[in-house]
Amino acid sequence: MDITQAIRAAAEAARPAATGGKVADYIPQLRELDPHRFGLAVVELDGTEHVEGDVDIPFAIQSMSKVFALTLAMQQCGGERAVRREIWERVGREPSGDPFNSLVQLEHECGIPRNPMINAGALVIADLLIENCDEPVAEILNLVAELTGETISLDPATAAAEEQFSDRNRAMGSLMAAFDNLVNPLDQVLDVYNKQCSLMMSARQLARSVRFLANDGIDPASGRQVLSSSLAKRVMAVMLTCGTYDAAGEFAFSVGLPCKSGVAGGIMAVAPDHSGICVWSPPLDAAGNSLAGRVALHDLTDRLDLSIF
Ligand code: GLU
């Protein structure tokens, strides 16, 4: 089936599902999102863009930033052995089976977060970025600017609200510091994390920005090797198994692609050797993933036979 037709059909099938979800309300910037927004973008490796709906409205990427932060941390390590030593000794690679901000698991597992896609793991990655980059947030912004071909900025009001709401992340950070798994001052680590969550990107830009993963680590727009193909594979594996909170099994089952969602209702997906995909619809299901977003990706991957399985 033609991709343009498929995204139109998937959007039509998915839009009504949004009414069953609930927009995140822990900060005003999310609470005020229009629940009727819906955008779906598929950007092929050759640059052809297929879009439907609100694909050019920037929204806070929230947890999706964890993919870019991990990518930058891997780049900074500068090789697979260093990645093993500096990242995988401090963060695991198992699905958590617990909410993305669970403290209980972290206590049980001596301050080693289950994976880099949950908040505790993302704090360790932010800590690593502080050690390795002069300006971690600016470097994340540079990375996404390079991948999208456009200037990306962050929303200071969202970052400030995240900071105000960061008690639980602060608790996780303190726990990890007590287990010697954070090196830098917690305020500094939280600042990087809150700011990376506040990057404003559109569905079209997010779809472009994950194409390097679909292309063996090479950004198809510039030809630059962003990550080695082996590391790109690892990032996708972590997205598939841990990228959609406590519903990664359901996503593997129904969508069959490495995905990462965020609490503003975005979900980006990687279709290896094919495209980068992003869907945006703010109302979330009980697991915290965009409800219509999941329906759209399920429908789209069935129509285009994109599941990796
Ligand atoms: N800023 C949110 C938090 O750390 C991100 C949540 C998300 O998108 O999963 O609580």
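Model, not experiment: these values are computed from the prediction. Counting starts at 1 for both ligands and their atoms, following the listed order.
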Inset, instruction - Begin from the C-alpha positions of Lys233 and Asp216 and carry the test salt bridge (Lys or Arg N to Asp or Glu O under 4.0 Å) through to its verdict. - result: CA-CA 7 Å; Lys233 207 161 55 178; Asp216 293 326; over 6 Å; no

With a cut-off of 4.0 Å, which atoms of ligand 1 are near a heavy atom of [X]?
| X | answer |
| --- | --- |
| Tyr245 | 7 (C), 8 (O), 9 (O) |
| Gly262 | 8 (O) |
| Glu162 | 1 (N), 2 (C) |
| Asn119 | 3 (C), 4 (O), 10 (O) |

Inset, instruction - Check the surroundings of atom OH in Tyr26: do more than 12 heavy atoms from other residues, nucleotides or ligands lie under 6.0 Å from it? - result: yes

Legend entry - ligand 1 contact on Ser63 by region, counting heavy-atom pairs under 4.0 Å: both

Inset, instruction - Answer side chain, backbone, both or neither: which part of Asn194 comes under 4.0 Å from ligand 1, heavy atoms only. - result: neither

Run the side-chain donor-acceptor check on residues 2-16: report pairs under 3.5 Å with partners two or more places apart or on a different chain.
from: Asp2; atom 1: OD2; to: Thr4; atom 2: N; distance (Å): 3.2
from: Asp2; atom 1: OD2; to: Gln5; atom 2: N; distance (Å): 3.0
from: Thr4; atom 1: OG1; to: His50; atom 2: ND1; distance (Å): 2.9

Inset, instruction - Would you tell me which option among Val263, Ile118, Asn289 has the nearest heavy-atom contact to atom 8 (O) of ligand 1? - result: Val263

Inset, instruction - Could you tell me whether Lys66 and ligand 1 have an N or O pair separated by under 3.5 Å? - result: no

Inset, instruction - Please say whether Ser261 places an N or O atom under 3.5 Å from an N or O atom belonging to ligand 1. - result: no

Legend entry - Short N-O contact, Asp56 and Arg204, less than 4.0 angstrom: yes

Legend entry - Pair Arg170 + Glu163, salt bridge at N-O below 4.0 Å: yes

Legend entry - Inter- and intrachain pairs under side chain to side chain donor-acceptor pair (under 3.5 Å), touching residues 258-286, at least two apart: Ser261-Asn289

Inset, instruction - Using the rule that two of Ile, Leu, Val, Met, Phe, Trp, Tyr join whenever any of their side-chain heavy atoms come within less than 4.5 Å, decide whether Ile27 and Tyr193 are in one cluster. - result: yes

Inset, instruction - Give a yes/no verdict on whether any heavy atom in Phe165 is under 4.0 Å from an atom of ligand 1. - result: no

